[in-house]
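Chain A is the first sequence line, chain B the second, and so forth, proteins listed ahead of strands; every chain is numbered from 1. All values derive from a computational prediction rather than experimental measurement.
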Amino acid sequence: MEVSSTTAGQEAAVSGRNAGGNAGEIAFGVLARLAGWSILLVMAGIIIVLVSGGWQAFSTFGPGFITSKAWNPITHNFGAATSIFGTLVTTVVALVFAVPFAFGVAFWLVEMAPPALARVIEMAVQLLAAVPSIIFGMWGFFIVVPFMAHYVELVATRYLGHVPGIGLLFRGAPYGTGLLTSGLILAIMVTPFICSVMADVFVSIPAVLKESAFGLGATRWEVMRKVVLPWSRQAVMGGIMLGTGRALGETMAVTFVIGNSNRLGWSLFAPGNTIASLIALEFPESSASSLKLSALLALGAILMVISFITLACSRMFLQRGIKN
Amino acid sequence: MSAQNVQVGAADGWQRGGAQAVRRRIVERLINVLCGIATVVVLFLLFSILWTLVTRGAAGLSLSTFLHSTAAPGSGGGLANAIVGSCEQTLLAALLGTPVGMLTGIYLSEFSHDGKIVSFVRFVSDMMLSVPSILVGLFVYLVVVEPAGHFSGMAGTLALAILFIPIVVRTTEDMLHLVPRAMREAAYALGAPGWRVIVSICLRAARGGIMTGILLALARISGETAPLLFTSLGNLNWSINLNAPMASLPVTIYQYAGSAYDDWVQMAWTGALLITVAVLATNIFARWWLSRNGTASS
């Protein structure tokens, strides 16, 4: 940061010297500023359009819009609770699976893998991140959903469904689609993002810190747990939040496998919906300036707020983690 | 003194194999195995996706896939309109987004004397990088499609460009930061004006990295579906008119995969194979290129 600001200062001084007659300089400055500020314009536009479009829903239903479970186009009664619930549950499920896997892969890549192999596998993990989300949706729908229905859910219902407490999570007909399946697909999609942040951080830790721990006779795992992780905690949190942001807004993959039903319940096997999947499915069927359209835009505004908070946290953590 | 004792003690315990050392060794092995398994699982998932795409998609690959437009179920047809529509919208979005993105990246890296607003633009651009793409689709629908009264390829292009720009901003800024100060100073010393230094020296030095960023952004937007659902909508007929609804591979895949007709589902797999191969090939090429001549500092 300091370096760039001093260069900028020098540039300003130098460019100030021949600014007078230099039309190119002025034109270039104007162009760059216009481009930069147009980003602000677009973002402001997105926020204004979503909030003002959703205003009708907000004003009709009041704060009850967020807590209402209704979604009935016939009686014009709309609520956000179910899709917010689905969004949060699928995201949490995704993180529960993605974080340990991302950590495992990052740890293996940085500490254990032979360098040549690590490069290839890192590339493969990055490719996984590049696969379009619609492909995850199709693969999930045709491969994962039947697998879940035939094996995972039958077994889980039989053995876990009667356990008091957590049994509630595993009851219901084994459709294969549902919150759990969506969470799993999301986990596969966000693992590469979390993993690459973790790997970057683990590599960047000063070697001296690790060497001193190894010198005391610590094992690799002890070094990771007692030196690397505490040192890089914030950056790792930032990476996880980055993955969370991705999972919150993911549309196509979820739409394929979540089952799309407006239900709110404990079972992870039950079909549900998320804000993004609800918008994708219902938006094309809602007529202009209807209350339903407004409710969908209001949902969009809520999703925007949730992802903003997540991303702001992620940025804060990453910045602090890097300054360390 | 005490630290030394601990060190000796730990090393001794490890080698002699006291109860604690055995436990530590077991934990270490266990973690190693678990991490190895995690890696294998993630790789397995990638290969499962690719394998599924190849085995299911290859069956539908033929010359007519590339030559014919989508058709009613049971009457053959191909993906030509979707392929061309995707290419047209993606490339136009890149054409629209590249100058804006690069200029913004230059603004962020070279105009920091603008003060707080620069960091605000950087913050907003970072946010835009992760705005759910479906919201961009909603935005363009309300701003372009609704006032115009019809879906259009232009609206789809605009939505993709909005997703394209922040990626280019990011890479341009990062790559410009890598340009050595000595290079700029040398140029200034020769009397070059600021904009010439940026364009002829900095951009030139950073062009490998910036090109890579553009390619990766191109790969990213060519697989986007959600923002196109409400903007270019899709078109079953051949159309390259930007002012009319336009087909694209991802939307066609979305519509076909969910349908009840076997030949449409087959076509969806073929489309999925095509788009994944294109996206992954672009990614691999971009990364290879970056590793060859990417770094600005030479």
Side-chain angles (χ1 to χ4, degrees), chain A residues 4-5 7-8 11-12 14-15 18 22 24-25 28 31-33 35-36 38-40 42-43 45-46 49 53 101 104-105 107-108 112 121 124-125 127-128 130-132 134-135 138-139 143 188 191 216-217 219-221 245 249 251-252 276 279-280 283 288 297 300 303-304 307-308 311 315, chain B residues 6-7 10-11 14 24 27-28 31-32 34-36 38-39 41-43 45-46 49 52 100 103-104 106-107 111-113 121 124-128 130 132 134-135 138-139 142-143 146 162 177 181 184 188 193-195 219 223 225-226 229-230 250 253-254 257 268 272 275-276 279-280 283:
Chain A
S4 72
S5 64
T7 25
E11 264 159 45
V14 175
S15 57
N18 39 17
N22 202 334
E25 188 74 12
F28 190 76
L31 269 180
R33 286 191 178 89
S38 71
I39 305 271
L40 301 183
V42 171
M43 187 53 106
I46 295 178
V49 156
F101 273 98
V105 176
F107 189 30
W108 189 83
M112 290 175 237
I121 290 178
V125 173
L127 285 186
L128 188 63
V131 173
I134 181 112
I135 306 299
M138 264 190 100
W139 175 74
I143 307 292
I188 302 169
T191 297
L216 291 171
T219 63
R220 245 181 337 215
W221 167 240
T251 312
M252 302 322 294
I279 295 176
F283 191 84
L297 293 172
L303 177 62
M304 190 89 171
S307 18
F308 263 19
L311 291 166
R315 248 183 78 91
Chain B
V6 171
Q7 184 189 350
W14 177 260
R24 288 172 61 204
V27 170
E28 166 82 1
I31 297 286
N32 286 1
L34 285 179
C35 289
T39 311
V41 168
V42 170
L43 290 181
L45 291 169
L46 176 66
I49 292 170
T52 312
V100 179
L103 278 167
T104 308
I106 292 169
Y107 176 66
F111 286 68
S112 41
H113 49 272
V121 170
V124 169
S125 162
D126 269 7
M127 286 285 163
M128 240 165 91
S130 330
I134 190 153
L135 297 183
L138 281 184
F139 168 68
L142 290 165
V143 171
E146 209 176 47
I162 293 177
H177 277 316
R181 253 175 82 187
R184 299 161 196 252
Y188 283 125
W195 70 277
T225 318
L229 285 179
F230 320 138
I253 294 170
Y254 176 60
I275 206 159
T276 310
V279 166
L280 293 190
N283 259 277

Stepwise side-chain contact (heavy atoms from CB on, under 4.5 Å) check, Leu45(B) with Trp139(A): CA-CA 10 Å; Leu45(B) 291 169; Trp139(A) 175 74; 3.8 Å; yes

Intermediate values then yes/no, side-chain contact (heavy atoms from CB on, under 4.5 Å), Val143(B) and Val49(A): CA-CA 8 Å; Val143(B) 171; Val49(A) 156; 3.8 Å; yes

Residues Asn32(B), Trp221(A); criterion side-chain contact (heavy atoms from CB on, under 4.5 Å); working and verdict: CA-CA 8 Å; Asn32(B) 286 1; Trp221(A) 167 240; 6.0 Å; no

side-chain contact (heavy atoms from CB on, under 4.5 Å) between Leu40(A) and Val121(B), intermediate numbers included: CA-CA 6 Å; Leu40(A) 301 183; Val121(B) 170; 3.9 Å; yes

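Only the side chain of Ile143(A) comes within less than 4.5 Å of a heavy atom of chain B; its backbone N, CA, C and O stay farther away. For Tyr254(B), the parts lying near chain A are the backbone and the side chain together; criterion is any non-hydrogen pair under 4.5 Å. With a 4.5 Å cut-off on non-hydrogen atoms, Met304(A) touches chain B through its backbone and its side chain both. With a threshold of 4.5 angstrom between heavy atoms, Ser130(B) approaches chain A through its backbone and through its side chain. Within the 4.5 angstrom heavy-atom criterion, atoms from both the backbone and the side chain of Ile46(A) approach chain B. Interface remark: Met112(A) contributes side-chain atoms only to the contact with chain B (heavy atom separation under 4.5 Å). Interface remark: Ala219(B) contributes no atoms to any contact with chain A (heavy atom separation under 4.5 Å). Only the side chain of Ile188(A) comes within contact range of chain B, with heavy atoms under 4.5 Å apart. Looking at Arg220(A), both its backbone and its side chain come within 4.5 Å of chain B, counting heavy atoms on both sides.
Nearest heavy atoms, Leu43(B) versus Ala124(A): CD2-CB, 3.6 Å. Heavy atoms only, all atoms of each residue included: Asn283(B) and Ala130(A) are closest at ND2-CB, 3.3 Å. Residues Gly104(A) and Ala38(B) approach most closely at CA-CB, 4.1 Å, considering heavy atoms. Closest approach of Ile279(A) to Phe230(B), counting heavy atoms only: O-CZ, 3.8 Å. Closest heavy-atom contact between Ala272(B) and Ile135(A): CB-CD1, 3.5 Å. The two residues Leu229(B) and Ala280(A) have their closest heavy-atom pair at CD1-CB, 4.1 Å.
Within the model, atoms CG of Leu297(A) and CZ of Phe139(B) stand 12.5 Å from one another, a figure rounded to the nearest 0.5 Å. Separating the OG1 atom in Thr276(B) from the CE atom in Met138(A) is a distance of 9.5 Å, to the nearest 0.5 Å. The structure places CD1 of Ile49(B) at 5.5 Å from CG of Leu128(A), a figure rounded to the nearest 0.5 Å.
Applying the side chain to side chain donor-acceptor pair (under 3.5 Å) rule to Tyr107(B) yields the partners Trp37(A), Asp114(B); only residues at least two apart in sequence or on another chain are considered. Residues passing the side chain to side chain donor-acceptor pair (under 3.5 Å) test with Trp108(A), sequence neighbours excluded: none.
Annotation: side chain of Thr219(A) is not in contact with side chain of Ile31(B) (no heavy-atom distance under 4.5 Å). With contacts defined as side-chain heavy-atom distances shorter than 4.5 Å, the pair Leu280(B)/Val131(A) qualifies. Side-chain contact check for Val100(B) versus Ser38(A): some heavy-atom pair is nearer than 4.5 Å. Two residues are said to be in side-chain contact when any heavy atoms from C-beta on lie closer than 4.5 Å; Pro132(A) and Val279(B) meet this criterion. Using a 4.5 Å cut-off on side-chain heavy atoms (C-beta onward), Thr191(A) and Val42(B) make contact.
Annotation: maximal heavy-atom pairing with chain A below 4.5 Å, among Ile162(B), Ile275(B), Ile134(B), occurs at Ile134(B). Each of Ile106(B), Asp126(B), Leu138(B) has some count of heavy-atom pairs under 4.5 Å with chain A, and the biggest count is that of Leu138(B). Ranked by heavy-atom pairs shorter than 4.5 Å toward chain A, the options Gly223(B), Cys35(B), Ala226(B) are led by Cys35(B).
A distance-only check finds a donor-acceptor pair linking the side chain of Glu25(A) to the backbone of Gly194(B) [under 3.5 Å]. Remark: side-chain polar atoms of Thr104(B) are paired, donor with acceptor, to backbone N or O of Ala35(A) under 3.5 angstrom.
Screening Val41(B), Leu34(B), Thr39(B) against Phe101(A) for a side-chain contact (heavy atoms from CB on, under 4.5 Å) leaves a single residue, Val41(B).
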